[in-house]
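See structure below.
Only a predicted model underlies this, so the values are computations on that prediction, with no experimental measurement involved.
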Amino acid sequence: MTRLAQTAGLNDVQREILATVRDFVDKEIIPVATGLEHRDEYPTEIVEGLKELGLFGLMIPEEYGGLGESLLTYALCVEEIARGWMSVSGIINTHFIVAYMLKQHGTQEQKDTFLPRMALGEVRGAFSMSEPALGSDVSAISSKGVREGDEYVLNGQKMWLTNGGTSTLVAVLARSDEGHPEGTAPHKSMTTFLVEKEAGFGEVRPGLTIPGKIDKMGYKGVDTTELIMDDLRIPANRVLGGTTGRGFYQMMDGVEVGRVNVAARGCGVAQRAFELGVSYAQQRHTFGKPIAQHQAIQFKLAEMATKVEAAHAMMVNAARKKDSGERNDLEAGMAKYLASEYCKEVVEDAFRIHGGYGFSKEYEIERLYREAPMLLIGEGTAEIQKMIIGRRLLEEYRIQG
């Protein structure tokens, strides 16, 4: 049988990378994922394995010690990893967003300082936009950086940092009034600050506190945290790109990469749910035959497989558009929206196929059922994606005259 979600046009290097990652997922992640997730335990050994495979440097240019691969290769690797355990894909996602932002927007000194160590996984990235009083409304950010001599003093509270505890470099979006007088459009007075810190919880550097892990319904293992800045002082040369006021655009560029990643995660989780559903349907017997031979179950399997294929195709298209250097916010928004919605539906259908056993923690589908909802929210809700898609469509189809 041809496996679902195949990708045409890959070169030999890409196929070899994906085969290696899939083998790692099958042998090192799937057998231990549910146990680690139930204990909410950080997957240290898995992360060390990813370092050895070079995955922390997958998209970092070769001149900085990375593999110099495309967003497509990265997205396909994320798809495989999420198929094993979505939390592991989250660990590398925010790392890659920060590395991508450095590669695209950083000064040469910033690239030379961070990218080689990020490629090795020695420096681990996290990025921070959201705050307790806001979600998708980035313009309402209240955290602030004020210039004092050769430093900036940062104050504010940030929320929902993936890798907040384990990271050692955080890209923080905050307001900076320097050169941006009162009345400046909100998105033009935001700056991305590169904040170095120690891994761990509590006060991780003077003026910076990571209170602890947020207890979540799913997406466990990976640490999700708050970040509190209280007169945090950082050197002025840690403004991303060296110029204030560009933070919003830098972050949105990174979020486009993140949306492709979330789409890839949705594809991976949906693939695993299909695998579990189609396998269980052939083992479980009712009325004298496997339930897979009942038409109602076959209809479910057909719908699930079609959704997996459709989401994968849109994710691949969005990644290739970004790799081409073209604007891809429309494609990334569509891919993220469709893949996350289809993931939820495919997981629920696999859950239904399992019947009562799907409600038991002994079965892997129970974990997937709790993980899928996070994808509906991460990197922008479905409603935000629809706004982006709608606006872009009106740009493309504007009536002339």
So, using side-chain contact (heavy atoms from CB on, under 4.5 Å) as the criterion, who are the partners of [X] when residues are at least two apart?
X	answer
D230	N155
R352	K300, E348, D349
V255	F127, M129, M252, R259, E379

With sequence neighbours left out, what residues match [X] under salt bridge (charged side-chain N to carboxylate O under 4.0 Å, His left out)?
X	result
R238	E109, E196
E41	R39
K111	none
R15	D12

Please check if the number of heavy atoms outside K27 that lie under 6.0 Å from its NZ is greater than 12. no
Going by ring pair (Phe, Tyr, Trp, His ring centres under 6.0 Å), name the residues that satisfy it together with Y280, two or more places apart in sequence or in a different chain.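 By the ring pair (Phe, Tyr, Trp, His ring centres under 6.0 Å) rule, Y280 matches H354.
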The criterion is ring pair (Phe, Tyr, Trp, His ring centres under 6.0 Å); which residues satisfy it with Y357, sequence neighbours excluded? Y363
Just by distance, no angles: are the side chains of W160 and E226 close enough, under 3.5 Å, to form a donor-acceptor pair?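 Result is no, nothing qualifies.
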Regarding E345 and K307, does a basic nitrogen lie under 4.0 Å from an acidic carboxylate oxygen? yes
Evaluate R147 against S176 for side-chain contact (heavy atoms from CB on, under 4.5 Å), listing each step before the verdict. CA-CA 8 Å; R147 181 82 180 244; S176 56; over 6 Å; no
Listing request: all ring-ring contact (aromatic ring centres under 6.0 Å, His included) pairs with a residue in residues 315-353, at least two apart in sequence or in separate chains. F351-Y369
Among residues two or more places apart or on two chains, list those pairs meeting ring-ring contact (aromatic ring centres under 6.0 Å, His included) that have a residue in residues 232-251. H187-F248, H187-Y249
Side-chain donor-acceptor contacts of residues 43-50 below 3.5 Å, not counting sequence neighbours, with atom names and distances?
residue: E48; atom: OE2; partner: K51; partner atom: NZ; Å: 3.3

In the structure I gave you, are the side-chain heavy atoms of R327 and K321 within less than 4.5 Å of one another anywhere? no
